[in-house]
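What follows is a short report on a single structure.
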Number of protein chains: 2
Amino acid sequence: MSGGYILVVDDEPAICDMIQTCLEMAGFRVRLAANGSLAHQMIINERPDLVLLDWMMPMLSGIELTRRLKRDELTADLPVIMLTARTDEDDRINGLDAGADDYVVKPFSPRELVARVKAVLRRSTTAMSDAPLAAGKIALNREAQTATLNGEALPLGPLEYRLLEFLMLHPNRVFSRSQLLDRVWGGNVYIDERTVDVHIRRLRKNLSPEQQDKMIQTVRGAGYRFSPPEGAEE
Amino acid sequence: MSGGYILVVDDEPAICDMIQTCLEMAGFRVRLAANGSLAHQMIINERPDLVLLDWMMPMLSGIELTRRLKRDELTADLPVIMLTARTDEDDRINGLDAGADDYVVKPFSPRELVARVKAVLRRSTTAMSDAPLAAGKIALNREAQTATLNGEALPLGPLEYRLLEFLMLHPNRVFSRSQLLDRVWGGNVYIDERTVDVHIRRLRKNLSPEQQDKMIQTVRGAGYRFSPPEGAEE
DNA sequence: CATCCTTTTCACAAAAATGTCACAATTAGA
DNA sequence: TCTAATTGTGACATTTTTGTGAAAAGGATG
């Protein structure tokens with residue numbers, strides 16, 4: 001934990017304070033931002049190691065800021081943890097397909113917060129940092145919401161695209177069907193989990209009409225995972 | 001909701017009943033315990049997926065039971081949701097401090113209860129499984145749910161993987177077959193204990209097709225144990 | 001309202017994982 | 001050494017999970 005710092009973005013001073021204390025006791029350096037725009041400035045000015053972001057904020061909301069960060073190449077790989085209030089439970093997860101790496105539900109125990117921060121940091125430093133989202137021959141154009149294979153546009157439906165994008169944002173990580181429903185579908189509980197299978201299938205088919213690349217792998221009993229073919233990065 | 005069940009601990013039968021109904025309608029299996037000591041017994045006997053715990057109880061209080069659970073390695077990661085009657089801030093803090101994962105304030109709506117249970121279950125299954133785990137030449141990638149030997153992925157079935165993960169999580173400790181059935185199989189009582197043998201065998205075979213490393217040792221009359229080869233640990 | 005596109009559900013096929021069994025091998029103790 | 005208990009082993013049947021195609025259900029657009 002040498003160079004960087006953790007940026008905490010929340011409009012409630014009490015929460016900020018509490019979080020700051022927790023993290024500093026765990027040995028992190030912390031800076032605070034009271035709103036999204038300010039945070040955005042700070043991030044551009046001096047890139048933090050991680051952003052802890054309240055979802056509900058006046059002005060530039062957490063979800064919006066996340067979207068913005070993830071769209072910019074320079075900040076796309078910046079780890080983001082979202083803080084969601086317990087009353088937001090029903091529509092809580094919507095922010096996650098914006099690209100957040102994890103979320104913590106308030107109220108949270110200090111232990112949990114720190115554990116999550118460490119986990120996300122570990123993940124992001126060791127594993128991946130792929131700002132322009134690409135793997136193998138497949139590249140995503142996040143502005144246009146399209147995917148290209150060797151330059152050729154792939155015929156993906158909206159859901160297929162979101163699914164692919166989400167999986168590519170978290171390579172090599174297994175997601176259960178219910179997690180995918182949460183994060184790609186937006187937390188609609190009333191959808192049959194098997195629906196995920198069907199879309200995975202379509203996605204696979206559209207990704208490689210002829211050859212079955214095994215970029216999207218099935219993990220029996222667990223869910224699905226995206227693994228970039230070989231060398232792939234940046 | 002496959003193997004496990006949710007343990008509801010409350011001394012008021014009416015509350016118990018109400019909770020049980022809610023959860024069962026949501027598809028969970030439920031068992032009841034009228035007091036803390038009884039609950040403790042049940043937990044040790046057959047591990048639940050989650051414990052719903054009344055804060056105020058005669059004898060072994062909720063907070064005390066939580067502390068006790070969190071102290072034992074085997075039950076430390078058991079998710080606990082506390083039911084608290086007051087809206088007192090102190091209570092919540094204490095509860096979270098003791099290691100509870102969340103709390104619900106009475107009176108609560110059935111929907112909230114179920115939502116909270118689901119949320120905690122989801123969290124507990126995904127979030128905490130992140131520490132890198134390695135011993136000898138074998139390393140687990142817990143996000144990807146894979147085991148690698150010298151970098152090569154090992155062909156483990158889901159159960160084999162879980163078994164290995166569990167054993168590696170508690171190195172050098174002997175587990176009886178019934179303990180393993182509890183922890184790895186999810187407490188399904190109707191399985192022949194010998195089944196464990198078979199899976200241990202498969203795991204061993206897949207771990208080292210040629211040479212029998214003796215990482216997984218048999219302790220006659222007692223069970224099995226995982227011992228890391230030599231120096232190894234993270 | 002008709003039509004097109006997307007998404008969900010359903011039924012069945014295919015594949016893989018799991019539990020059980022019979023029997024072989026090993027161990028411990030008399 | 002012999003015997004009984006315990007564990008290893010391979011095969012097999014069953015159950016569970018996933019793949020697949022097509023039809024139904026929504027939803028937007030004109």
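Letters A, B, ... mirror the listed sequences (proteins, then strands); counts begin at 1. The structure presented is a predicted model; accordingly, all values stated were derived computationally and were not measured.
Between the axis at the start and the axis at the end of the helix from dC1(C)-dG30(D) to dA30(C)-dT1(D) there is an angle of 30°, using five pairs per end and rounding to 10 degrees.
Side-chain contact check for R204(A) and T218(A): at least one donor-acceptor pair (N or O, by modelled atom type) lies under 3.5 Å. N206(A) and E160(A) share a donor-acceptor pair across their side chains, judged by distance under 3.5 Å alone. In this structure, a donor-acceptor pair under 3.5 Å is absent between the side chains of R173(A) and S227(A).
Of the options V30(B), V8(B), I43(B), I6(B), a side-chain contact (heavy atoms from CB on, under 4.5 Å) to P48(B) is made by I43(B) and by none of the others.
Each side-chain hydrogen bond (donor to acceptor under 3.5 Å, both in side chains) pair with one or both residues in residues 146-155 of chain B, not counting sequence neighbours, would appear here, but there are none.
When all heavy atoms of D10(B) and I15(B) are compared, the pair lying nearest together is OD2-CG2, 3.4 Å.
Not one side-chain nitrogen or oxygen of R177(A) sits closer than 4.0 Å to the OP1 or OP2 atom of dT17(D). Regarding contacts with the backbone of dT18(C), every side-chain N or O of Y161(B) stays at 4.0 angstrom or more from both OP1 and OP2.
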Response to the item:
Quick tally for nucleotides 19-29 of chain C: nucleotides whose base has a protein heavy atom under 4.0 Å get B, sugar-phosphate-only ones S, the rest -, giving BBB----BB--

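Rounded to an integer number of Å, the gap from D197(A) CG to dA13(C) P is 18 Å. Rounded to a whole Å, the CZ atom of R225(B) is 13 Å from the P atom of dT7(D).
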Worksheet item: Yes or no on salt bridge (charged side-chain N to carboxylate O under 4.0 Å, His left out) for R29(B) and D49(B), after CA distance, side-chain angles and deciding distance?
Response: CA-CA 10 Å; R29(B) 274 195 286 175; D49(B) 288 338; over 6 Å; no

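Interatomic distance, OG of S176(B) versus CD of Q179(B), reported as 4.0 Å (0.5 Å rounding).
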